[in-house]
Amino acid sequence: SPANLPDLYAASGIPETEGSDILGFKFASSAAHVTGKPLASCEAATWMAEHFTGTLGEAKRWVDRYFLGGINHICYHGTTFSPPGEQWPGWMFYASVHFGPTNSFWRDFAALNRYVTRCQSFLQMGKPDNDVLLYWPIYDSWSQPGRAMLQHYSAQTPREVQDIAQTLWQAGFSFDYISDRQLAEIRCDKGVLRTGDAAYRVVAIPGCRHIPAATFQVLMAMAQQGATIVVQERLPADVPGMGNLEARRSALEKMISQLGFVETSTSGVREARLGSGRFLLGDDVARLLAFAGIERESMADRGLPFIR
């Protein structure tokens, strides 16, 4: 998976995820939210536990995590067809957990499915309501020199993104990942960032080193139209790639030179006004978002998150 992950997920009619990591689920749900797709799916409970040892209680806990991560379409992994006359336990899927008639929990499986139906029905009727668009700095990964093979997608996540995503989630700020290509499609309406059926209030840029000049130009235009751009730790220092390098570097440097940051009344927050919007710069992303007026969600609010 050497391509840009948010774009790969967005290429699917129904973006689908798997596993047990909420921040990983959000690649699929973010792509659905940002591109206006109504469903975000998952291979639910794959590798949860070995065959016949996983319980419906465990499956419910996994399903709840999918819902918390913005998933609204559960597909169990897996419910294998087995010929009726096949000797017990019949044909089974290679992946663990066995959602089939030969499992002793089969007679109670419908109770879990009724719960799933109620929850995901509400989620499917709602609209995403995250506040923050978190920029995915793929060019930092692609700009790493070396002779290693192409990395699996899970190894492509820069440390800065891991840190900021974890910080946002634990601090109660709701967000969706966004790529360079998707960012260019965002409409800014009086400071509100709109795409698909979703509306956001802030773009957050992790402390990345590389960013295309064209992407930074998009951010500058958003600020001119009233948006708030939050930058953690440092502004990008260079453009990726070698083609037409000096011209692109010069364009990025010129735009950055237009940002005259000044100290604010809040310690650790610097501000650069641009048009009717602004850039905010500082080490503590939670403090930057609070300064921008973004409210945190309490854990109690996350029973059915991402919809209002």
Side-chain angles (χ1 to χ4, degrees), residues 1-11 23-24 26-27 30-31 34 132-168 175-186 193 200 202-224 227-261 270 272 274 277-285 288:
S1 308
N4 200 339
L5 280 181
D7 292 335
L8 290 177
Y9 277 100
L23 298 181
K26 290 181 73 61
F27 283 108
S30 296
V34 168
V132 181
L133 286 168
L134 178 57
Y135 174 67
W136 180 252
I138 189 65
Y139 294 99
D140 272 12
S141 296
W142 288 346
S143 297
Q144 292 296 321
R147 298 173 59 85
M149 296 176 64
L150 291 174
Q151 294 179 320
H152 184 266
Y153 74 88
S154 62
Q156 289 184 18
T157 306
R159 178 191 60 80
E160 293 84 0
V161 180
Q162 294 177 348
D163 291 347
I164 192 173
Q166 192 67 42
T167 297
L168 290 173
F175 68 92
D176 281 328
Y177 299 114
I178 192 165
S179 70
D180 297 80
R181 177 181 298 185
Q182 294 164 359
L183 199 60
E185 299 297 320
I186 297 291
L193 302 164
Y200 302 86
V202 167
V203 178
I205 309 297
C208 58
R209 174 172 173 77
H210 299 88
I211 194 169
T215 298
F216 203 83
Q217 187 174 24
V218 168
L219 297 174
M220 295 281 284
M222 288 178 174
Q224 288 279 3
T228 296
I229 313 299
V230 165
V231 183
Q232 187 183 34
E233 294 183 1
R234 63 182 184 270
L235 289 164
D238 205 353
V239 295
M242 301 298 291
N244 199 23
L245 179 58
E246 292 307 317
R248 292 185 297 110
R249 273 180 174 165
S250 176
L252 179 63
E253 290 171 0
K254 181 177 180 180
M255 287 185 285
I256 289 178
S257 69
Q258 297 174 30
L259 300 176
F261 283 95
R270 301 174 66 199
L274 192 66
R278 58 186 172 174
F279 278 69
L280 299 177
L281 178 64
D283 293 339
D284 188 337
V285 66
L288 294 172

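Worth knowing before you read on, the calculation uses all heavy atoms, side chains too, and leaves out hydrogens, waters and symmetry mates.
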Separation of [Y] [atom2] from [X] [atom1] (nearest 0.5 Å):
{"X": "I256", "Y": "F216", "atom1": "CD1", "atom2": "CZ", "value": "4.5 Å"}
{"X": "M220", "Y": "L274", "atom1": "CE", "atom2": "CG", "value": "5.0 Å"}
{"X": "I211", "Y": "M255", "atom1": "CD1", "atom2": "CE", "value": "8.5 Å"}
{"X": "L168", "Y": "L23", "atom1": "CG", "atom2": "CG", "value": "9.0 Å"}
{"X": "R181", "Y": "I138", "atom1": "CZ", "atom2": "CD1", "value": "12.5 Å"}
{"X": "D176", "Y": "Q182", "atom1": "CG", "atom2": "CD", "value": "9.5 Å"}

Mind listing the closest non-hydrogen atom pair of [X] and [Y] along with its distance?
{"X": "V161", "Y": "P137", "answer": "CG2-CD, 3.2 Å"}
{"X": "A204", "Y": "V132", "answer": "CB-CG1, 3.7 Å"}
{"X": "A165", "Y": "F175", "answer": "O-CE2, 3.7 Å"}
{"X": "A223", "Y": "I229", "answer": "CB-CG1, 4.4 Å"}
{"X": "E233", "Y": "D283", "answer": "CA-OD1, 3.5 Å"}
{"X": "A31", "Y": "A10", "answer": "CB-N, 3.6 Å"}

Is a side-chain N or O of [X] found less than 3.5 angstrom from the main chain of [Y], in a donor-acceptor match?
{"X": "D140", "Y": "H210", "value": "yes"}
{"X": "R248", "Y": "G243", "value": "yes"}
{"X": "S257", "Y": "K254", "value": "yes"}
{"X": "R270", "Y": "L281", "value": "no"}

- Task: Hey, can you tell me if F27 and W136 have their rings parallel, tilted or perpendicular (30° and 60° cut-offs)?
- Result: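 It falls in the perpendicular class, over 60°.
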- Using 30° and 60° as the class limits, which term best fits the ring planes of F261 and F279: parallel, tilted or perpendicular?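 Because their plane-to-plane angle is over 60°, the rings of F261 and F279 count as perpendicular.
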Mind checking whether [X] and [Y] have side chains closer than 4.5 Å, heavy atoms only?
{"X": "I186", "Y": "L133", "answer": "yes"}
{"X": "D238", "Y": "L252", "answer": "no"}
{"X": "L134", "Y": "P206", "answer": "yes"}
{"X": "D180", "Y": "Y139", "answer": "yes"}

- Do you know which of V34, L193, T215 makes side chain to side chain contact (heavy atoms under 4.5 Å, CB included) with L183?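 Going through V34, L193, T215 one by one, the side chain to side chain contact (heavy atoms under 4.5 Å, CB included) with L183 is satisfied by T215 alone.
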- Task: Return yes when atom CD of Q217 has more than 12 non-hydrogen atoms of other residues, nucleotides or ligands closer than 6.0 Å, and no otherwise.
- Result: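 For Q217, atom CD is not crowded (no more than 12 foreign heavy atoms under 6.0 Å).
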- Message: For a side-chain hydrogen bond (donor to acceptor under 3.5 Å, both in side chains) check, start with the C-alpha distance between S179 and N4, then their side-chain angles and the critical distance, and finish with the verdict.
- Response: CA-CA 7 Å; S179 70; N4 200 339; 4.7 Å; no
